[in-house]
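Counting convention: from 1, in listed order, for ligands and their atoms alike.
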Amino acid sequence: MTFAKRHLLGIEPLSPDEIRTLLDVSDQYVDLNRSDRKSGQALAGKTQINMFFENSTRTQASFEIAGLRLGAHVMNMAMQASSIKKGETLIDTALTLNAMHPDLLVVRHPQSGAVNLLAEKVNCAVLNAGDGRHEHPTQALLDALTIRRAKGRLHRLTIAICGDIAHSRVARSNILLLGKMENRVRLVGPPTLIPSGAADWGVEVTDDMSAGLADADVVMMLRLQKERMDGGFIPSEREYYHRFGLDPAKLRAAKPDAIVMHPGPMNRGVEIDGTLADDINRSVIQEQVEMGVAVRMAAMDLLARNVAAEAEGVMV
Ligand code: ASP
């Protein structure tokens, strides 16, 4: 088994073997979660603190359930009401929490790089639950697990990632992971929502949905991240849906067995047709949510093992 990390800050530092290890352990947790007992002991006696400086529904709930199922004491900090509002810096908050000896810190922050900075200041394992437009590693891992289970492999697939690439940490982490596993990745969206320099990432880029989806095995839709837009990136939502919203007609360009993904939260009728999103023959959106809990259990389990091994003086 290969996973020699103390923190999970992004996909960028992970090797293909480490990604495979995380997914293999996740598969075991999918089985546990589907069983009646649903509980493990891997984090028994450990303290997990969730610090979400940005709103979150599924990611925070998923990390909380993952910790509870593995026996951790889980605390959700109400960051909106925290001392950060009184002027304390992120680092001071982190040092204060660090002095209370948590074992796992799960952090979401609106600024890219904030979670890496925090990880340098604390002794416990840090998991990035999304930082600005930078990375969202557990999302990319849960997407990879969903794809691997649906397609039976995670290499030599054609994957179209569509929509607001420019503001999306989900897209960035997925591009890194799918590239490391030797897939063909296409970015599809209006030029205003494709970052300049994307063509150097080893991906194909197009603003034409039928060309982008042609023969795709996987169609991954992204939310329009309006909270990160400060100008007119799209003419109107109606026009955007007309050109880039996924509906059954546009999906016909993809392989007949192509799966449809969305990280949530979804804007129905903006990025994706609501009926298609609910079509259990095409959409794996609910599986993504299910895989999220298993991936987070696996990540916290593996990090906790590494921290314990380090404390005993074993090199990780
Ligand atoms: N939930 C994902 C994220 O936190 C995707 C999104 O918000 O659109 O980045």
With a cut-off of under 6.0 Å to the ring centre and 45° to the axis, is R108 in cation-pi contact with F52? no
Check whether V270 and V219 end up in the same hydrophobic cluster, where Ile, Leu, Val, Met, Phe, Trp and Tyr are linked by side-chain heavy atoms less than 4.5 Å apart. yes
Please step through side chain to side chain contact (heavy atoms under 4.5 Å, CB included) for the pair L22 and L14, ending with a clear verdict. CA-CA 10 Å; L22 273 159; L14 299 184; 4.0 Å; yes
Considering residues at least two apart in sequence or located in another chain, which fulfil the salt bridge (Lys or Arg N to Asp or Glu O under 4.0 Å) criterion with D273? none
Answer yes or no for R58: is there a heavy-atom contact with ligand 1 below 4.0 Å? no
Which atoms of ligand 1 have any heavy atom of R223 under 4.0 Å away? 6 (C), 7 (O), 8 (O)
With nothing but distance in play, are any N or O atoms of T59 less than 3.5 Å from an N or O of ligand 1? no
Is there at least one pair of N or O atoms, one from Q139 and one from ligand 1, spaced under 3.5 Å apart? no
Among R169, E227, R228, which one puts a heavy atom closest to atom 9 (O) of ligand 1? R169
So is G264 in contact with ligand 1, going by heavy-atom distances below 4.0 Å? yes
Nearest atoms (heavy-atom pairs only) where Y29 meets A42: OH-CB, 3.9 Å
With a 4.0 Å cut-off on heavy atoms, is P265 in contact with ligand 1? yes
Whether K226 engages the ring of Y240 as a cation-pi pair (distance to the six-membered ring centre under 6.0 angstrom, angle to the ring normal within 45°) should be assessed. no
Please list, in number order, the atoms of ligand 1 under 4.0 Å from a heavy atom of V170. 2 (C), 5 (C), 9 (O)
